[in-house]
Amino acid sequence: LLNPPLAKAAFSRDRNLLDVRIADDEQWRFSAPEVLPQKYIESVIQFEDRHFYEHFGFNPLAIIRAIKDNYQAGHVVSGASTITMQLSRMVLKHRSRSYWNKFKEICLAVKLELRLSKGDILKLYATHAPMGRNIVGLQAASWHYFGRAPDELSWAEAVLLSVLPNRPSMLYLEKNRKALLERRDQLLTSLFHKKKLGERDYQLARLEPLPTAQREWPAQIPHLLDRLMRENPGVSEFHTTIDPLLQGSLMHVL
């Protein structure tokens, strides 16, 4: 379905990222996480597709409403795309939002719903969604912006990565950071009202600042990663028994 090149990543024994190489197409794209974190699932469904578990690829009422809104506005203001339709757009590589392209996305979305589980569709979406610059997918974004695995994200972080694919350019354009913060907080409020998170988690999440987009990728074991890549050309992730604290100390001494 989607088979782009993946970045090569090496992890320590406690699952910390030690070293990484960009994918052949110059994108930071990691393999799918084994299990999507529940915080991210709740956030992305609330933001992108509240009827995700109920529809069969597209939402007819949302499409009718979008056509009406677009007609009244005189231009496209709403696309009514479900998560499955957005995945279809990634597969078809559509850039324009024409009605013909939308029709093809609907057809493919129905096909995907017939062949894949809802969980598989969510995982594919999370793995290939644009996350700003050349960062692609939940796992790459989690490591790049926050320095940790997706299952360790806070509510604020999971919510931020849920809204980011809707406007991936926002994160590194300073003038748009206020708008991104507002989107994050709006989604946090929606989740709070839906009782997906408690009062304390909600208040703490709203206090978290946005990350900077300039976090450096780790490079603690360059020679070992080169060797692992040569010896295992078809593998994208390498899990080692290296102690990251000891390795960092040795790198500092050398």
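Ring planes of W100 and F103: parallel class, angle under 30° (limits at 30 and 60°).
A continuous path of Ile, Leu, Val, Met, Phe, Trp and Tyr side chains, each step under 4.5 Å between heavy atoms, connects F47 with L87, placing both in one hydrophobic cluster. Connection of L228 to I22 is not established within any shared hydrophobic cluster, with ILVMFWY side chains joined at heavy-atom distances below 4.5 Å, either directly or through further cluster members. L153 is connected to W143 through a chain of hydrophobic side-chain contacts under 4.5 Å among Ile, Leu, Val, Met, Phe, Trp and Tyr, so both are in one cluster. L6 and V20 are members of different hydrophobic clusters when ILVMFWY side chains are connected at heavy-atom separations under 4.5 Å. A continuous path of ILVMFWY side-chain contacts below 4.5 Å connects V235 to I221, so both sit in one hydrophobic cluster.
Under the 4.5 Å side-chain criterion, counting only non-hydrogen atoms from C-beta, P33 is not in contact with D151. The closest side-chain heavy-atom distance from S142 to Y40 is not below 4.5 Å. Counting heavy atoms from C-beta outward, L124 and L112 have side chains that stay 4.5 Å or more apart. Looking at heavy atoms from C-beta onward, H128 lies in side-chain contact with P4 at the 4.5 angstrom threshold. Within the 4.5 Å cutoff, no side-chain heavy atoms of L116 are placed close to those of K111. Taking the side chain as every heavy atom from C-beta outward, R13 and I242 never approach each other to under 4.5 Å. Annotation: side chain of P150 is not in contact with side chain of L36 (no heavy-atom distance under 4.5 Å). Looking at heavy atoms from C-beta onward, R21 lies in side-chain contact with D226 at the 4.5 angstrom threshold.
A distance of 5.0 Å separates CG of L17 from CZ of F11, quoted to the nearest 0.5 Å. The CZ atom of R148 sits 6.5 Å away from the OG atom of S154 when rounded to the nearest 0.5 Å. For the atom pair L197 CG and L191 CG, the distance stands at 6.0 Å (nearest 0.5 Å). Between E105 atom CD and S81 atom OG the span is 5.5 Å, to the nearest 0.5 Å. Atom-to-atom distance recorded for I83:CD1 and N59:CG is 12.0 Å, nearest 0.5 angstrom. Taken from CD1 in I106 to NZ in K102, the straight-line distance is 7.5 Å, to the nearest 0.5 Å.
The minimum heavy-atom distance between E48 and S162, with the atom names listed, is OE2-O, 4.1 Å. The two residues R29 and P5 come nearest to each other via the heavy atoms NH1-O, 2.6 Å. The shortest heavy-atom contact between P130 and M90 is CD-CE, 4.5 Å. The two residues G57 and M85 come nearest to each other via the heavy atoms O-CG, 3.3 Å. H55 approaches D49 most closely through the heavy-atom pair NE2-OD2, 2.7 Å. Summarising the geometry of L18 relative to P244, their closest heavy-atom pair is CD2-CB, 4.1 Å, with the distance given to 0.1 Å.
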| task | Please lay out, stage by stage, how F146 and L161 fare under the test side chain to side chain contact (heavy atoms under 4.5 Å, CB included). | result | CA-CA 10 Å; F146 305 113; L161 296 187; 3.9 Å; yes
| said: R184 vs L181, test: side chain to side chain contact (heavy atoms under 4.5 Å, CB included). Steps then yes/no. | reply: CA-CA 5 Å; R184 186 202 72 176; L181 183 63; 3.4 Å; yes
| message | Could you walk me through whether F238 and L225 satisfy the side chain to side chain contact (heavy atoms under 4.5 Å, CB included) test, starting with their C-alpha distance in whole Å, then the side-chain angles of each, then the deciding distance to 0.1 Å, before giving a yes or no? | response | CA-CA 8 Å; F238 303 96; L225 182 54; 3.8 Å; yes
| query | Yes or no on side chain to side chain contact (heavy atoms under 4.5 Å, CB included) for K123 and T127, after CA distance, side-chain angles and deciding distance? | reply | CA-CA 6 Å; K123 187 176 288 190; T127 304; 4.2 Å; yes
| Could you walk me through whether E237 and K8 pass the salt bridge (charged side-chain N to carboxylate O under 4.0 Å, His left out) check? | CA-CA 6 Å; E237 286 191 4; K8 310 295 184 182; over 6 Å; no
Let me have the donor-acceptor pairs involving side chains of residues 134-141, under 3.5 Å, with sequence neighbours excluded, atom names and distances please.
unit_1: N134; atom_1: ND2; unit_2: E26; atom_2: O; d: 3.0
unit_1: Q139; atom_1: NE2; unit_2: S31; atom_2: O; d: 2.6

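Put simply, the residue from R200, E199, R206 that forms a side-chain hydrogen bond (donor to acceptor under 3.5 Å, both in side chains) with Q203 is E199. Between D19 and the choices P218, S12, P222, the side chain to side chain contact (heavy atoms under 4.5 Å, CB included) rule is met once, by P222. Here the options are Y53, F52, F58, the test is ring-ring contact (aromatic ring centres under 6.0 Å, His included), and the partner is F56; only F58 passes.
More than 12 non-hydrogen atoms from other residues, nucleotides or ligands lie less than 6.0 angstrom from CD of E231. Taking a 6.0 Å sphere around CG of D24, one finds it holds 12 or fewer heavy atoms contributed by other residues, nucleotides or ligands.
A salt bridge links E152 with R15; the closest basic N to acidic carboxylate O contact falls under 4.0 Å. A salt bridge links E113 to K118: at least one charged side-chain nitrogen sits closer than 4.0 Å to a carboxylate oxygen.
In this structure, a donor-acceptor pair under 3.5 Å is absent between the side chains of E42 and Q46. Residues T189 and Y202 have side chains that bring a donor and an acceptor to within less than 3.5 angstrom of each other.
For W217 and W28, the gap between ring centers is short of 6.0 Å.
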